[in-house]
Amino acid sequence: MTTTPRAPERGLHRAWIVAGVAFVAILGAAGFRATPGVLITPLQEEFGWSRGTISLAVSVNLMLYGLTAPFAAALMDRFGMRRVVTYALLLVAAGSGLTILMNAPWQLILCWGVLVGLGTGSMALVFAATLTERWFVRHRGLVTGVLTAGGATGQLVFLPVLAHLAADRGWRSAAVTVAVAALVVVPLVWFLLRDRPEDVGTTALGADPAAPPAVWPARAGGAASRALGVLRSAARTRPFWLLAGGFAICGMSTNGLVGTHFIPAAHDHGMAEPVAAGLLALVGIFDVVGTVASGWLSDRVDSRVLLGAYYGLRGLSLMALPSLFGATAEPSMLVFIIFYGLDWVATVPPTVALCRQIYGPDGAVVFGWVFASHQVGAAIAAVAAGVTRDHFGAYDLAWYAAGLLCLAAAVMSIAITRKPVTGKPVTGKPVTVTPGTGEATTEEQASLKA
């Protein structure tokens, strides 16, 4: 059968519109998920719940945010990105809105832990990995960096606003604001996001328009079976455990510790919560720069070297943090904020690149599992830091422990091998995947096997 070559798209490529919509959704998801950090003290003051109890809800949120990711990647393969992200936004709106009616800790765990955790997890970084895999050949690393930076921008946009709302009008106003914001994004996603270039008669940005249309792998069974099948395959390989272990430590040192406990830790030293939230938002500003730069570098520099440098420098900065807290934002704290912001999620683009290089067409789902380990680590750190504060009256031990773990993650990253373990890396050629196994072949390889 002869395939008619498609003409190259003129003007603004549709991939940029799709990426823009994804940026807004990822931005919102990060802001929604980070909101509990500004609610810990208000909830403690109103209900008398301990920080350990409130941190448990945050921990469930973080855990589900990560564990949902690989299944969300598989669901996007089966039902499309548009449907999955739309339903995820509705879950976030329901979970956040219902918290205004709660009066017991289990209700906080259900609403902000389970519902918001599932919703934001479905719009996590696997969304960015899936989208860039389908829509971009050129600038793939750079776009991954920009979409990842959307997470930091979410903190930048939401945290100061929500902190001021919680301080001036009560925490319920902050919860309602999150619910409304999630609903506002729904029509944007439904009408503008598309699953694949072929759906609108175009090709991925940078793909050869004269090449035959991509034959996307047919998946047998449900999304869960595919996600678990890819996990079984990847778990037999050493790089997976090194990537997952390093990313678990990444989660401990960012979302779990700094993202959740920086504001209450600063408050312990006399700093007003809106000021502390502003500092955390400043991390978001510099993270945009750091993550976009990291995406650009991941197209040019060995990703293992980048990860080793990021983790090592992060560890040293965390061990210096306890001496920097005070009632006001001194210059030394601002230096930490700038440095830490540049490094915050700069780890994502090289980690996505390594998953793609090593695991080929299953790279997005493998990254989903690696990201799940990130959030498991974050969940552990969220609870452990809260318990540490309740027991010792300070967070110092948590900062030092996280710093040492980051140094270990640097060593683990350097030890990763980039040799593909499930066939050739993604080259833009059509592939066929053996269901449940993760084994990928190009059309040429399939014909040779036949």
Show me, pair by pair, the donor-acceptor contacts under 3.5 angstrom made by side chains of residues 79-90, not counting sequence neighbours?
from: Arg82; atom 1: NH1; to: Trp190; atom 2: O; distance (Å): 2.8
from: Thr86; atom 1: OG1; to: Arg82; atom 2: O; distance (Å): 2.8

Side-chain touch Arg169/His164, heavy atoms, less than 4.5 angstrom:
no
When rounded to the nearest 0.5 angstrom, what is the spacing between CG in Leu108 and CG in Leu98?
12.0 Å
Taking the side chain as every heavy atom from C-beta outward, state whether Leu231 and Val365 have any atom pair closer than 4.5 Å.
no
Applying salt bridge (Lys or Arg N to Asp or Glu O under 4.0 Å) to Arg172 and not counting sequence neighbours gives Glu46
Could you pull out all residues at least two apart from Ser317 that satisfy side chain to side chain donor-acceptor pair (under 3.5 Å)?
none
Return the CD1 to CG distance between Ile54 and Leu43, rounded to the nearest 0.5 Å.
5.0 Å
Closest heavy-atom pair and its distance - Gly312, Ala410:
N-CB, 3.7 Å
Going by salt bridge (charged side-chain N to carboxylate O under 4.0 Å, His left out), name the pairs with one or both residues in residues 398-416, residues two or more places apart or in two chains.
none
For the student: nearest non-hydrogen atoms of Gly121 and Ala72, plus distance:
O-CB, 4.4 Å
Classify the angle between the aromatic ring planes of Phe325 and Phe262 as parallel (below 30°), tilted (30 to 60°) or perpendicular (above 60°).
tilted
Do Leu142 and Val292 have side-chain heavy atoms sitting under 4.5 Å apart?
yes
If every non-hydrogen atom of Val366 is compared with every non-hydrogen atom of Ala234, which pair is closest and at what distance?
CG2-CB, 4.2 Å
Atom pair CG/CG of Leu64 and Leu118 - distance to nearest 0.5 Å:
5.0 Å
Using ring centroids (six-membered ring only for Trp), state whether His374 and Phe371 fall under 6.0 Å.
yes
d(Ser122 OG, Leu91 CG) to nearest 0.5 Å is 7.0 Å
May I have the list of side-chain donor-acceptor pairs in residues 328-343 shorter than 3.5 Å, sequence neighbours left out?
from: Thr328; atom 1: OG1; to: Glu330; atom 2: OE2; distance (Å): 2.7
from: Tyr340; atom 1: OH; to: Ser253; atom 2: O; distance (Å): 2.4
from: Asp343; atom 1: OD2; to: Arg314; atom 2: NE; distance (Å): 2.9

Starting at CG of Leu56, measure out to CH2 of Trp49 and round the result to the nearest 0.5 Å.
11.5 Å
Mind listing the closest non-hydrogen atom pair of Ala346 and Ser294 along with its distance?
O-OG, 2.6 Å
side-chain contact (heavy atoms from CB on, under 4.5 Å) for Trp16 and Val143? Distances and angles first, verdict last.
CA-CA 9 Å; Trp16 294 116; Val143 175; 3.8 Å; yes
Quick one, Thr41 and Glu45 - any side-chain contact, counting heavy atoms below 4.5 Å?
yes
I'd like to check Trp171 versus Thr99 (side-chain heavy atoms, cut-off strictly below 4.5 Å). Are they in contact?
yes
Out of curiosity, Trp135 CH2 to Ile17 CD1, how far, rounded to the nearest 0.5 Å?
8.5 Å
Assess whether side-chain contact (heavy atoms from CB on, under 4.5 Å) is satisfied between Leu115 and Val92, documenting all intermediate values.
CA-CA 6 Å; Leu115 295 181; Val92 169; over 6 Å; no
With sequence neighbours left out, the residues meeting side chain to side chain donor-acceptor pair (under 3.5 Å) with Thr53 are Ser50
For Gly246 and Tyr311, which heavy atoms make the closest approach, and how far apart are they?
O-OH, 3.2 Å
Are Ile263 and Leu280 close enough that some pair of their side-chain heavy atoms sits under 4.5 Å apart?
yes
Test side-chain contact (heavy atoms from CB on, under 4.5 Å) on Phe71 and Leu228; report intermediate values, then the result.
CA-CA 8 Å; Phe71 298 97; Leu228 294 173; 4.2 Å; yes
Got a donor-acceptor contact below 3.5 angstrom from the Ser298 side chain to the Pro350 backbone?
no
Can you find a pair of side-chain heavy atoms, one from Leu354 and one from Leu307, that are under 4.5 Å apart?
yes
Show your working on side-chain contact (heavy atoms from CB on, under 4.5 Å) between Cys355 and Leu243 and close with a plain yes or no.
CA-CA 8 Å; Cys355 289; Leu243 284 165; 4.2 Å; yes
Looking only at heavy atoms, which two atoms of Ser373 and Ala244 are closest? And how far apart?
OG-O, 2.8 Å
side-chain hydrogen bond (donor to acceptor under 3.5 Å, both in side chains) pairs touching residues 378-393, sequence neighbours excluded, are Asp268-Arg389
N/O donor to acceptor pairs below 3.5 angstrom from side-chain atoms of residues 392-405, sequence neighbours left out:
from: Tyr395; atom 1: OH; to: Arg51; atom 2: NH1; distance (Å): 3.4
from: Tyr395; atom 1: OH; to: His261; atom 2: ND1; distance (Å): 3.0

Who passes salt bridge (Lys or Arg N to Asp or Glu O under 4.0 Å) against Arg304, sequence neighbours left out?
Asp302
Side chain to side chain donor-acceptor pair (under 3.5 Å) filter on Thr120, not counting sequence neighbours, yields none
Between Phe247 and Thr347, is there a side-chain heavy-atom distance shorter than 4.5 Å?
yes
With sequence neighbours excluded, what pairs up with Ser323 under the side chain to side chain donor-acceptor pair (under 3.5 Å) test?
none
Can you pull the side-chain hydrogen bond (donor to acceptor under 3.5 Å, both in side chains) pairs that have at least one residue in residues 237-247, sequence neighbours excluded?
Thr237-Tyr359
Under 3.5 Å donor-acceptor, Ser96 side chain and Ala93 backbone:
no
Taking the side chain from Asp199 and the backbone from Arg196, do they hold a donor-acceptor pair closer than 3.5 Å?
yes
